[in-house]
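Written out below as structure tokens is the structure these notes cover.
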Amino acid sequence: MRIAVVGIVIEKDRSSARQVNEVLSAYGDYIVGRMGVPDRQNDVYVISVIVKGTNEIISALTGKLGKITGVKVKSAVTSCEID
């Protein structure tokens, strides 16, 4: 298991936010924490998610999020292994 930080940016409108939340809910067992920061003036919504899981789980989560229209995703995975 590894710890990762997943950065999610929703651009323009929030129509894809429902899909993002569905994916995050599906991976809820692996999510340690989450913070959302809206920038309504610029129509950008940022969510940071702390995930604890295998490389495969983290990749699957970011892959599903990245397929959603209007969503950009980046992840940083730590090199240390945890139980």
Checklist entry - When rounded to the nearest 0.5 angstrom, what is the spacing between CD1 in Ile8 and OG in Ser16? => result 10.5 Å
Item to check | Point-to-point distance, once rounded to the nearest 0.5 Å, from NZ of Lys12 to CG of Asp43 | outcome: 8.0 Å
Checklist entry - Atom CZ in Arg40, atom OH in Tyr45: separation rounded to 0.5 Å? => result 6.0 Å
Item to check | Residues Val77, Asn55; criterion side chain to side chain contact (heavy atoms under 4.5 Å, CB included); working and verdict | outcome: CA-CA 8 Å; Val77 182; Asn55 286 335; 3.9 Å; yes
Next on the checklist: For the CD1 atom of Ile50 and the CD1 atom of Ile3, what is their distance to the nearest 0.5 Å?
Outcome noted: 7.5 Å
Checklist entry - Rounded to the nearest 0.5 Å, what separation is found between the CD1 atom of Ile57 and the NZ atom of Lys52? => result 11.5 Å
What pairs of donor and acceptor atoms, side-chain ones from residues 18-30 against any protein atom, are under 3.5 angstrom apart with sequence neighbours left out?
residue: Arg18; atom: NH1; partner: Glu22; partner atom: OE2; Å: 2.7
residue: Asn21; atom: OD1; partner: Arg34; partner atom: NH1; Å: 3.3
residue: Asn21; atom: OD1; partner: Arg34; partner atom: NH2; Å: 2.5
residue: Asn21; atom: ND2; partner: Ala17; partner atom: O; Å: 3.2
residue: Ser25; atom: OG; partner: Asn21; partner atom: O; Å: 2.9
residue: Tyr27; atom: OH; partner: Lys64; partner atom: NZ; Å: 3.3

Checklist entry - Does the side chain of Ile10 come within less than 4.5 Å of Ile47's, by heavy atoms? => result yes
Checklist entry - Is Ile58 linked to Ile82 within one hydrophobic cluster, defined over Ile, Leu, Val, Met, Phe, Trp and Tyr using a side-chain heavy-atom separation of less than 4.5 Å? => result no
Checklist entry - Taking the side chain as C-beta and beyond, is there a heavy-atom pair between Val9 and Val44 under 4.5 Å? => result yes
Checklist entry - Nearest heavy-atom pair of Thr62 and Ser75: which atoms, and what distance? => result CG2-CB, 3.9 Å
Show which side-chain atoms of residues 65-73 pair as donor or acceptor with protein atoms under 3.5 Å away, not counting sequence neighbours.
none

Next on the checklist: Donor-acceptor pair, distance only, cut-off 3.5 Å: does the side chain of Arg2 make one with the backbone of Ser79?
Outcome noted: yes
